[in-house]
Amino acid sequence: MERYSMVLLDIDYLTVDEMPVIRLFGKDKSGNEPIIAYDSSFRPYIYAIPIDTERCLDDLAELGLEKLEVTERRDLGKPVEVIRIEFRHPQEVPKLRDRIRNLESVADIREHDIPFYRRYLIDRSIVPMAGIEFNGVEAESASSITSDDVRIIEITDGIQTSDSGFPQLDILSFDIEVRNPHGMPDPENDEIVMVGIAGNMGVESVISTRGEHLDFVERVGDEAAILERFAEIVREKKPDILVGYNSDNFDFPYLSRRAEILGVELDLGWDGSRIKTMRRGFANATAIKGTVHVDLYPVMRRYMNLDRYTLERVYQELFGEEKLDLPGDKLWEYWDREELRDELFRYSLDDVVATYRIAEKILPLNMELTRIVGQPLFDISRMATGQQAEWFLVRKAYQYGELVPNKPSHSEFSKRRGRRAVGGYVKEPERGLHENIVQFDFRSLYPSIIISKNISPDTLTDEKDCDCHVAPEYGYRFRKEPAGFVPSVIGEILSERVRIKGEMKRSDDPMERKILNVQQEALKRLANTMYGVYGYSRFRWYSMECAEAITAWGRDYIKRTIKIAEEFGFHTVYADTDGFYATYTGRRS
DNA sequence: ATCACGCGGGG
DNA sequence: GTGTACGCGTGAT
């Protein structure tokens, strides 16, 4: 047995002999070698909140459930007795949970919809995009499905985070060009003419059947060979991250269909598996086992606020420079006409390099969010900020011994949907040019209110004679003691941020300061998200009372501040939520 | 006012 | 994959 350490990139599970086996995909920190580590020690479980514990244990045993443990957790702060029900396989959970929920001895079931790999990350206290270490044994021979450059390790025990340094990530970006003479590209008819790749692994080229006189073009025989060469490069390089722009919904589905038609295998997974495109609601997501595929389009949509999110627009906003842009419906002519073709090659290269540059700029923040939230980068990069906040809280709930609330039912969801908390106070700006403007604003107004007024679903109470904070306008009451779940978590986030900012001030290494700055930025974003999620209808800790109380206190604070400023001779010309602008008149009111 | 519908990105 | 899912603007009624 040996101690292994690696950077954790991705996670999933397999079924071996009907039992689940967690797979951890990572890279050895020193040699940068790909590793797949198997852990067969983890089992799925859910909680039942019993009405009658003894009867419930009998009823569960009757369903064939043997591993039952009576234990204590808190439910929105209140201690409750629960039965932890262990299953043999994750897929038993959806099969049995309705029957368990419908038992007369059961009041409710909890944590029955936490994906198995997420449960593992939370319960084992490990996070992706960070170091982990474990005891294990090297598998005798890498199985036939796995290429020989991947080490296979069976984890025996002792998995934990390891805090040694984080190596430079291998990032590869890609982008395809299609010859589509009849409107939108149709993979049934329109061939792929170029695949551009760029990254920090010594790659920057366009793979194509033409362009032989251009030094950045790698020329191959036909379309199938373009796809094969692309697959070969990805398989050989095994980048940590593969990025595209709208690649979930365009490049990868298109590549897959063309590969199918041409009989090419897109087996890019470290285990030799094919890329897999999944339907995720209204959109797709393409996954590669091992390498993390990040589609920058959904990431950029969340990161900036623009009218459009085309690659050109996003690039211009981030770097202040225009990139080469050709009309999409004319690209096929650039391919067909020899005198224009070089321009198409340059456009292809420009696109893929732009994609890489955006990745370089935006991934550090997403890596930090991944480490803080503790779920895979693949998921984090496709999650709305509310979802990120929720999974962060799910992890915290485990640490605090709190039960995770269930997701709202369909009817609950539609009931919530129409409701919206009144927003911040806005005083419409006075027309005209104002001189000598003074600006006042609150630092992290909403997070501060949540903490100082202890606003949390578990501190909200109907008791009249409690030691409570009472919300203005609404009169909602929040117990002062003990600290609520969400305020505690935000408190942790903010104090961690203060610690990092202190470290940043002390550091004189510009590289280190930059990293610390991204970390504190990620924490700030998460703290600011926490307020909004109370009013987000799919949120597990949804509370319209909390959402309304926060903005009510916010309005109260800013109005009172404005009033005091006016007593000192200021005149407010514009106010919005957490700040206002004023002129100094000297007239005390 | 309320509701169904369609779009985003990609070529 | 312990699947299964957005949010907004538009035009019609």
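Note on naming: letters A, B, ... go to the chains in the order of the sequence lines (proteins, then strands), and numbering restarts at 1 for each one. Note: hydrogens, waters and symmetry copies are ignored here, and every other heavy atom, side chains too, is used. Just so it is clear, the structure is predicted and the values come from calculations on it, not from any experiment.
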Whole angstroms only, please: what is the CD1-P distance between Ile176(A) and dG11(B)?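 My rounded result for the distance is 8 Å.
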Please find the pair of heavy atoms, one from Asn249(A) and one from Asp295(A), that lie closest to each other, and give the distance.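 Asn249(A) and Asp295(A) have their closest heavy atoms at N-OD2, 4.4 Å.
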Can you name the nearest heavy-atom pair linking Asp75(A) to Glu402(A), along with the distance? C-OE1, 4.0 Å
Given side chains that start at C-beta, do those of Tyr245(A) and Val314(A) come closer than 4.5 Å, heavy atoms only? yes
Sub-4.5 Å side-chain heavy-atom contact between Ile358(A) and Phe319(A): yes
Under 4.0 Å between a side-chain nitrogen and a carboxylate oxygen: does that hold for [X] and [Y]?
| X | Y | answer |
| --- | --- | --- |
| Lys276(A) | Asp12(A) | no |
| Glu92(A) | Lys95(A) | no |
| Arg419(A) | Glu548(A) | yes |

Give the B/S/- string for nucleotides 8-13 of chain C, one per nucleotide from 5' to 3', where a protein heavy atom under 4.0 Å of the base yields B, of only the sugar-phosphate yields S, and otherwise -. ------
Looking only at the side chains, is there a donor atom on one of Arg74(A) and Tyr400(A) sitting less than 3.5 Å from an acceptor on the other? no
All N/O pairs under 3.5 Å across the protein-nucleotides 2-7 of chain C interface:
| residue | atom | partner | partner atom | Å |
| --- | --- | --- | --- | --- |
| dT2(C) | OP1 | Phe116(A) | N | 2.7 |
| dT2(C) | OP2 | Tyr13(A) | OH | 3.0 |
| dT2(C) | O4' | Pro90(A) | O | 3.1 |
| dT2(C) | N1 | Ile114(A) | O | 3.1 |
| dT2(C) | O2 | His112(A) | O | 2.4 |
| dT2(C) | O2 | Asp113(A) | N | 3.1 |
| dT2(C) | N3 | Ile114(A) | O | 3.3 |
| dG3(C) | OP2 | Arg97(A) | NH1 | 2.5 |
| dG3(C) | OP2 | Arg97(A) | NH2 | 2.7 |
| dA5(C) | N9 | Gly281(A) | N | 3.4 |
| dA5(C) | N7 | Gly281(A) | N | 2.6 |
| dA5(C) | N6 | Arg279(A) | O | 3.4 |

Using the ring of each side chain (for Trp, its six-membered ring), is [X] parallel, tilted or perpendicular to [Y], with breaks at 30° and 60°?
| X | Y | value |
| --- | --- | --- |
| Phe25(A) | Trp270(A) | perpendicular |
| Phe42(A) | Tyr120(A) | perpendicular |
| Phe252(A) | His293(A) | perpendicular |

Can you check the distance between dG9(B) and dT10(C), where both ends of the measurement are the P atom (answer in whole Å)? 14 Å
What's [X] touching, base or sugar-phosphate or nothing? Going by heavy atoms closer than 4.0 Å.
| X | result |
| --- | --- |
| Asn180(A) | base |
| Asp175(A) | sugar-phosphate |
| Gly244(A) | nothing |

What residues in residues 331-363 of chain A put a non-hydrogen atom under 4.0 Å from any atom of DNA chain B? Leu331(A), Tyr347(A), Asp351(A)
